[in-house]
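A short worksheet on the structure shown next.
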Amino acid sequence: MIIKYLTLSLSILFLVACDDKPGVSADGQAAASNAKALLAQGDIKEGKALFAACQTCHGAKGEGNKALNAPSLVNQSPWYLKRQLLAFKSGARGTHPDDVYGQQMAAIASTIADEAAIESLVSYIDRLPDVTPAATVKGNAKKGEDYYTMVCGSCHGPNAEGNELLDSPALAGVDDWYLQRQFELFRDRARGADDKYGRQMVMMAPALPTESDLKNVVSYIQSLAE
Ligand code: HEC
Ligand code: HEC
């Protein structure tokens with residue numbers, strides 16, 4: 001595993017070096033890139049051009065727009081964004097009649113040409129600066145911490161940073177209202193019931209039986225991003 005990451009890091013060093021304008025320190029840029037960048041190897045220029053179609057809903061900086069129900073994309077890991085875009089495109093996500101917002105995104109995803117275009121988009125999004133989303137869900141973060149640590153952290157990571165090996169996305173830095181809604185979709189089987197990744201969350205849903213349990217956990221996750 002370490003060797004796999006080393007190989008990946010080396011190829012990214014190489015990519016960064018090729019990608020750079022003369023005079024810009026490739027080493028410096030590579031050092032600044034974090035684990036998030038590991039899988040982002042698409043064509044960033046193409047991604048920027050394609051992102052024009054996303055800005056209307058997700059914001060010019062990918063920061064999200066609650067009024068349009070479109071979440072922030074910038075704090076999420078590239079591998080997960082890629083998997084979700086493929087899921088929307090294949091119909092694994094966003095086809096359930098109760099998943100009205102997912103349907104909107106599925107319609108957009110169907111217009112993205114292919115996996116290479118998705119790679120480019122995700123690589124561009126990965127280069128956008130992180131934006132800490134505003135807290136909108138009112139819960140008791142202290143109470144939520146216990147639940148999170150006991151139930152969610154084993155997959156999503158102790159700081160909700162995500163764990164690619166367990167297919168579990170980052171939750172910290174994702175909009176709290178979006179997290180709540182996604183959890184409810186899993187609970188109501190409107191997302192993920194027929195999907196091997198989503199099914200894990202469908203199975204987790206009974207762990208937070210009441211709305212206040214869910215809000216407490218979401219508030220705790222939000223506090224990790226602040
Ligand atoms: C018409 C508005 C709209 C446009 C345009 C749009 N999106 Fe979305 N997107 C949404 C909504 C709404 C959701 C939330 C879906 C849900 O709640 O299940 C979403 C969700 C997503 C997600 C899932 C995030 C996650 O954490 O699970 C990704 C990735 C995404 N959009 C990427 C894009 C990209 C890339 C583009 C441009 C090609 C784009 N979107 C254009 C409305 C839009
Ligand atoms: C067994 C591992 C596991 C556990 C435990 C787990 N999750 Fe997940 N979670 C996942 C996986 C895998 C996904 C990705 C599903 C997909 O790709 O659609 C996910 C996705 C999510 C999402 C959707 C994020 C997004 O951006 O769309 C939310 C919200 C979430 N989990 C919250 C929780 C909470 C809250 C808990 C604790 C009550 C929890 N999870 C426990 C594995 C887990």
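When reading the values below, keep in mind they use all heavy atoms of this one structure, side chains included, and skip hydrogens, waters and symmetry mates. Just so you know, ligand 1 is whichever comes first in the structure, and atom 1 is the first atom listed for that ligand.
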When you measure from the side chain of [X] to the backbone of [Y], do you find a donor-acceptor pair of N or O atoms at a distance under 3.5 Å?
{"X": "Ser219", "Y": "Gly139", "value": "yes"}
{"X": "Arg181", "Y": "Asn69", "value": "yes"}
{"X": "Ser72", "Y": "Gly64", "value": "no"}
{"X": "Asn140", "Y": "Lys142", "value": "yes"}

Who's closest to [atom] heavy-atom-wise, of [options]?
{"atom": "atom 2 (C) of ligand 2", "options": "Cys155, Gly144, Gly153", "value": "Cys155"}
{"atom": "atom 22 (C) of ligand 2", "options": "Phe183, Tyr147, Phe186", "value": "Phe186"}
{"atom": "atom 13 (C) of ligand 2", "options": "Ser154, Pro169, Gly198", "value": "Pro169"}

Just heavy atoms, cut-off under 4.0 Å: does [X] contact ligand 2 by side chain, backbone, both, or neither?
{"X": "Arg83", "value": "side chain"}
{"X": "Cys152", "value": "both"}
{"X": "Tyr148", "value": "neither"}
{"X": "Leu214", "value": "neither"}
{"X": "Val218", "value": "neither"}

> Can you list the atoms of ligand 1 that are under 4.0 Å from a heavy atom of Asn69?
Replying inline: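 By the 4.0 Å cutoff, the relevant atoms are 11 (C), 12 (C), 13 (C), 14 (C).
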> Which ligand 1 atoms does Arg181 reach within 4.0 Å, using its non-hydrogen atoms?
Replying inline: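 It comes down to these atoms of ligand 1: 14 (C), 16 (C), 17 (O).
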>> Quiz question: by atom type and distance under 3.5 Å, do the side chains of Thr210 and Asp213 form a donor-acceptor pair?
In response: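 On atom types as modelled, these side chains qualify, holding a pair under 3.5 Å.
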> With a 3.5 Å cut-off and no angle check, do the side chains of Ser168 and Asn163 form a donor-acceptor pair?
Replying inline: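 Per modelled atom types, Ser168 and Asn163 side chains form no pair under 3.5 Å.
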>> Test of geometry: compute the angle NE2(His156)-atom 8 (Fe) of ligand 2-SD(Met201) and round it to 10°.
In response: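 Once rounded, the angle between the two atoms at atom 8 (Fe) of ligand 2 is 170°.
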> Is there a nitrogen or oxygen of Arg191 sitting under 3.5 Å from a nitrogen or oxygen of ligand 2?
Replying inline: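 Yes.
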> For Glu211, does the CD atom sit with more than 12 other heavy atoms under 6.0 Å from it, leaving out its own atoms?
Replying inline: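 For Glu211, atom CD is not crowded (no more than 12 foreign heavy atoms under 6.0 Å).
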>> Rounded at 0.5 Å granularity, tell me how far CZ in Arg93 sits from OH in Tyr197.
In response: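 Nearest 0.5 Å value for the CZ-OH distance: 14.0 Å.
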